[in-house]
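Notes for the one structure printed next.
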Amino acid sequence: MPGASTLAALRPMPELPEVETTLRGIASHAVGRTVSEVRVHEHRLRWPIPTDLPERLIGRKLVRLDRRSKYLLFRLRQVRPVSSDREGTLLVHLGMTGSLRWYSADAALPARRTHDHVDIRFDDDGVLRYHDPRRFGAILWLDDPADEHPLLAKLGPEPFTPEFNARYLQQALASRSTAIKLALMNNAVVVGVGNIYANEALFRAGIRPTRASNRISRARLERLVEAVRQTLSEAIAKGGSTLRDYVDSSGEPGYFQLDYFAYGRAGLPCRVCGRMLREARLGGRATVFCTGCQR
DNA sequence: ACCACGACCTGCACGC
DNA sequence: TGCGTGCAGGTCGTGG
């Protein structure tokens with residue numbers, strides 16, 4: 001068990017693996033259910049939760065649950081009072097401290113705690129509860145086609161699709177002299193890479209976070225693409241890194257965490273070469289790297 | 001067109 | 001002990 005200060009330094013946030021883990025946890029319970037009740041206790045998130053959210057959701061059946069970038073997209077189709085092809089999308093973003101937890105009907109729903117902002121009840125009496133201390137998250141209703149919504153329209157490729165490859169990256173970065181770490185975290189370049197995984201992927205790829213984006217060889221971009229995928233997929237496989245605030249959809253405090261090479265390790269010896277890891281600030285974010293392993 | 005940075009928000013660690 | 005300060009971080013919006 002690491003000391004308390006170490007834990008604090010390693011407090012992960014809902015990055016893509018955590019969002020993916022949440023999706024998988026919820027989908028098995030909620031898909032196919034119809035919304036029966038919606039309670040909004042606090043509407044002040046990043047944007048106000050629409051006041052008509054209950055009437056939008058009630059009587060609609062969750063037909064699919066998708067993820068685009070770090071957005072969870074609940075596809076809902078009208079079934080009551082009359083069935084129709086009307087479909088809409090509930091968009092949920094966890095911000096930095098948000099979590100969604102499913103409470104099955106088998107047990108009594110626990111009393112609301114501080115920062116429990118929304119309850120969505122389904123026809124089997126299961127409840128999806130949104131919790132978000134810092135309220136950086138978002139809950140919005142999108143009329144279809146949701147993909148044309150401004151929040152989704154200009155997003156870059158998903159890291160696991162074939163579109164995200166070294167050729168694409170080289171072209172996307174060709175006109176950018178900005179630091180590669182900032183480019184990686186730019187959602188127009190590729191989605192789903194936040195601060196933690198940007199640090200880790202760059203370490204694994206052997207690329208200095210401050211390096212100019214358009215000064216990286218194709219071969220090294222190949223390595224970067226692989227590093228991004230490996231870092232994310234390892235984290236997903238481990239159930240998402242878990243942090244103080246983040247709880248997965250069943251409420252288990254995740255004890256899974258990537259063995260970080262860089263993130264949160266400034267001043268500690270590099271696990272590969274032993275040199276002391278350096279810290280810089282890039283775009284206001286903690287940036288950790290090894291002067292020996294990363295060029 | 002591009003880029004840097006402020007703002008949003010709470011909880012926690014830290015120093016005086 | 002208690003208080004003030006800074007940091008954590010996703011991402012939109014703004015100003016350069």
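Labels below follow one simple rule: chain letters A, B, ... track the order of the sequence lines, proteins then strands, and each chain is numbered from 1. What's counted below: heavy atoms across the whole structure, side chains too, no hydrogens, waters or symmetry copies.
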Separation of C:dT11 P from A:I196 CD1 (nearest whole Å): 13 Å
Tell me the interatomic distance from A:I49, atom CD1, to B:dC8, atom P, rounded to whole angstroms. 19 Å
Are A:F122 and A:W102 close enough that their ring centres sit under 6.0 Å apart? yes
Before giving the answer on salt bridge (Lys or Arg N to Asp or Glu O under 4.0 Å), spell out for A:E87 and A:R60 the whole-Å C-alpha distance, their side-chain angles and the decisive distance to 0.1 Å. CA-CA 8 Å; A:E87 214 174 299; A:R60 284 186 195 254; over 6 Å; no
Nearest to the side chain of A:A286 - C:dC12, B:dC8, C:dA8? C:dA8
Taking A:D66 first and then A:R68, would you say they form a salt bridge - that is, a charged N and a carboxylate O separated by under 4.0 Å? no
Whole-Å gap separating P (C:dT11) and CG (A:L94): 10 Å
Within 45° of the axis and under 6.0 Å from the centre of the six-membered ring of A:Y103, does NZ or CZ of A:R129 qualify? yes
A:H93 has a side chain; which of B:dG11, C:dT11, C:dC12 sits nearest to it? C:dT11
With sugar-phosphate meaning primed atoms plus P, OP1 and OP2, does A:R285 contact a base, only sugar-phosphate, or nothing at under 4.0 Å between heavy atoms? base
Is there, by distance only and without an angle test, a donor paired with an acceptor across the side chain of A:R46 and the base of C:dT11 below 3.5 Å? yes
Under 4.0 Å, heavy atoms only, any strand: does A:D132 hit a base, just the sugar-phosphate, or nothing? nothing
Quickly work out the A:W47 CH2 to B:dC9 P distance and round it to whole Å. 13 Å
Applying a 4.0 Å non-hydrogen cut-off, can you work out what A:R44 is touching in the nucleic acid: base, sugar-phosphate, or nothing? nothing
